[in-house]
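Reviewing the structure listed below.
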Amino acid sequence: MNVLVFAEVVENEIQEITYELVGKAKQLGDVTTLVVGNADVSNINSDVIQVDAGEPLPWHYKIVEKVFEKLKPSAILFGNTLTSIDIAAQFAAQLDLPMATMVTDISAKDDGFVATSLVYGGKVLVDLALKSPAVFVVNRGSFPAEEGKGSVGNVEKLSLEELGVSDGIEFVGYIKPEVEDVDISKMDIVVSVGRGIGDEANIELAEELAEVLGGVVAGSRPVIDSGWLPKTRQVGRSGKTVTGKLYLALGISGATEHVEGVKAKNVIAINIDRNAPIFRISRCGVVADVLELVPVLIEKIREAKG
Ligand SMILES: Cc1cc2nc3c(=O)[nH]c(=O)nc-3n(C[C@H](O)[C@H](O)[C@H](O)COP(=O)(O)OP(=O)(O)OC[C@H]3O[C@@H](n4cnc5c(N)ncnc54)[C@H](O)[C@@H]3O)c2cc1C
């Protein structure tokens, strides 16, 4: 069977999730990866169709439609990212194809597929049977990326004219924050605050802890939406993904949209609710009030450092 993967490209670079999708797709059949833009495709372990149309934008579902008509794939895989989910949804709706979102596994069955998918905001895991051809929007980290990396196969370069797609919209450029803040995705130690921190004034405590640990402060979306920290510090689906050595979660419940951005090697959580979902992804958890524990922690670390 033919499987089409839609590559995740940001600032002309193929993102890791693309390789995760290609690796899984190769278990299902012959893979072609559709890359929009001019990114270097040499590490993609599949055939590639590359369309020169700037950075991926929502209207690019029209490109996916044309490539779908050309290849007639049985499965089309997208990453569960802010860009790709828009494209996947419009593509599936236009062609009236079955679509599973927040997918964590896919297997071929009879004349279709079974997809394991998170529903109700990630609280419930279900198996869904989909008829072929079907669209899958796959969560980051569901499959290893290694299988999707290697030497690229046949690369076919196509223009929008050749595909018969008219755009009407041109990608001009990203608007970057005026002041370049720290990049939390590249930091080894991140002290992250959630609504449980209670008040803007208490962010200072987290900053002090980050300072003694040699890290930086980040936050969950409600903290950013309240204006307590800049947008560049948001962890999660609509923020950044942290990949360092330590992620200290202070008063964060662990909603699916938040933990999607937590890929640090060690997660330590402090929460007053022993049933908080954040403990499920934590190497170490403390059931305590952050406002009581953090000052003690700062003192003890200072003592230990001498
Ligand atoms: C499309 C979409 C995208 C989203 N993107 C993101 C995203 O990128 N990032 C993100 O974070 N969220 C995102 N969200 C929101 C997400 O669903 C959650 O609402 C959010 O993560 C909750 O933040 P929180 O854990 O800080 O707050 P809450 O869920 O309110 O949790 C607060 C926690 O603090 C604990 N607590 C309270 N007081 C104390 C105390 N004194 N000491 C210790 N613990 C205490 C509570 O027990 C609770 O567990 C998104 C939602 C949607 C729909």
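Every number for a ligand or one of its atoms is a count from 1 in the order of the listing. Any value given below was found using the heavy atoms of this structure, including those in side chains, with hydrogens, waters and symmetry copies removed. Everything quoted here is computed from the prediction, not taken from an experiment.
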**Q.** Protein heavy atom at shortest distance from atom 45 (C) of ligand 1
**A.** I272 CG1, 3.3 Å
Q) When you check the side-chain N and O atoms of S238 and Q234, is any donor under 3.5 Å from an acceptor? A) yes
Q: Find all atoms of ligand 1 within a distance of less than 4.0 Å from any non-hydrogen atom belonging to A288, and give their numbers and elements.
A: 42 (N), 43 (C)
Q) Using a distance-only test with no angle check, is there a side-chain donor-acceptor pair under 3.5 angstrom linking E55 and Y174? A) yes
**Q.** Candidates I224, T241, V262 - the one meeting side-chain contact (heavy atoms from CB on, under 4.5 Å) with V235
**A.** V262
Q.
Which residue and atom name correspond to the protein heavy atom nearest atom 41 (N) of ligand 1, and how close is it?
A. D289 OD1, 3.0 Å
Q: Check whether any N or O atom of A276, backbone or side chain, sits under 3.5 Å from an N or O atom of ligand 1, and answer yes or no.
A: no
Q | Heavy atom of protein closer than 4.0 angstrom to atom 30 (O) of ligand 1 | A | yes
**Q.** Within 6.0 Å of CD in E204, more than 12 heavy atoms from elsewhere
**A.** no
**Q.** V152 side chain reached by N43 side chain, heavy atoms, under 4.5 Å
**A.** no
Q) Is there a donor-acceptor contact under 3.5 Å from the side chain of E8 to the main chain of I17? A) no
Q. Quick one: nearest non-hydrogen protein atom to atom 35 (C) of ligand 1, plus distance?
A. N271 OD1, 3.4 Å
Q | atom 9 (N) of ligand 1: nearest protein contact (heavy atom, Å) | A | V235 O, 2.8 Å
Please report, to 0.1 Å, the donor-acceptor pairs under 3.5 Å made by any side chain of residues 87-108, with sequence neighbours excluded.
residue, atom, partner, partner atom, Å
Q90, NE2, P58, O, 3.4
D105, OD1, K24, NZ, 3.3

Q: Identify the protein heavy atom lying closest to atom 33 (C) of ligand 1, giving its residue, its atom name and the separation to 0.1 Å.
A: G251 O, 3.3 Å
Q: Please report which non-hydrogen protein atom sits nearest to atom 4 (C) of ligand 1, along with the residue it belongs to and the distance in Å to one decimal place.
A: R221 NH1, 3.1 Å
Q. Under 4.0 Å from ligand 1, counting heavy atoms only, is it the side chain of A255, its backbone, both or neither?
A. side chain
Q) Does the pair E162/K66 count as a salt bridge with the N-to-O cut at 4.0 Å? A) no
Q: Could you tell me which atoms of ligand 1, counted from 1 in the order shown, lie closer than 4.0 angstrom to a heavy atom of S238?
A: 3 (C), 4 (C), 5 (N), 6 (C), 7 (C), 8 (O)
Q: Could you list which atoms of ligand 1 come closer than 4.0 Å to a heavy atom of G236?
A: 7 (C), 8 (O), 9 (N)
Q. Nearest protein heavy atom to atom 17 (O) of ligand 1, by residue and atom, and its distance?
A. E257 OE1, 2.8 Å
**Q.** Which of the ligand 1 atoms, numbered from 1, are nearer than 4.0 Å to a heavy atom of G194
**A.** 26 (O)
(Q) Between ligand 1 and G239, can you find any atom pair, the residue atom being a heavy atom, that is separated by under 4.0 Å? (A) yes
Q: Check whether any side-chain heavy atom of D40 lies under 4.5 Å from a side-chain heavy atom of I14, and answer yes or no.
A: no
Q.
With a heavy-atom distance limit of 4.0 Å, tell me whether Q234 approaches ligand 1 through its side chain, its backbone, both, or neither.
A. side chain
(Q) Please confirm whether G219 approaches ligand 1 to less than 4.0 Å, judged on its heavy atoms. (A) no
Q | Within-4.5 Å side-chain heavy-atom neighbours: Q50 and V41 | A | yes
Q) R237 heavy atoms, cut-off 4.0 Å: which ligand 1 atoms fall inside? A) 7 (C), 8 (O)
Q: Could you establish whether L291 and ligand 1 come within less than 4.0 Å of each other, counting only heavy atoms on the residue side?
A: no
Q) Is the shortest distance from a heavy atom of P222 to ligand 1 less than 4.0 Å? A) yes
Q: Applying side-chain contact (heavy atoms from CB on, under 4.5 Å) between R237 and each of N139, V259, T81, N80, report the one that passes.
A: N80
(Q) Just to confirm my output: which protein heavy-atom neighbour is closest to atom 40 (C) of ligand 1, and how far is it? (A) G196 O, 3.5 Å
Q: Measure S253 to ligand 1 on non-hydrogen atoms and call it side chain, backbone, both or neither using the 4.0 Å cut-off.
A: both
Q: Mind telling me whether F113 and F136 have parallel, tilted or perpendicular rings, with 30° and 60° as the class edges?
A: perpendicular
For residues 279-301, which side-chain N or O atoms pair as donor and acceptor with protein atoms under 3.5 Å away, sequence neighbours left out?
residue, atom, partner, partner atom, Å
S282, OG, I278, O, 2.7
R283, NH1, N266, OD1, 2.8
D289, OD1, L291, N, 2.8

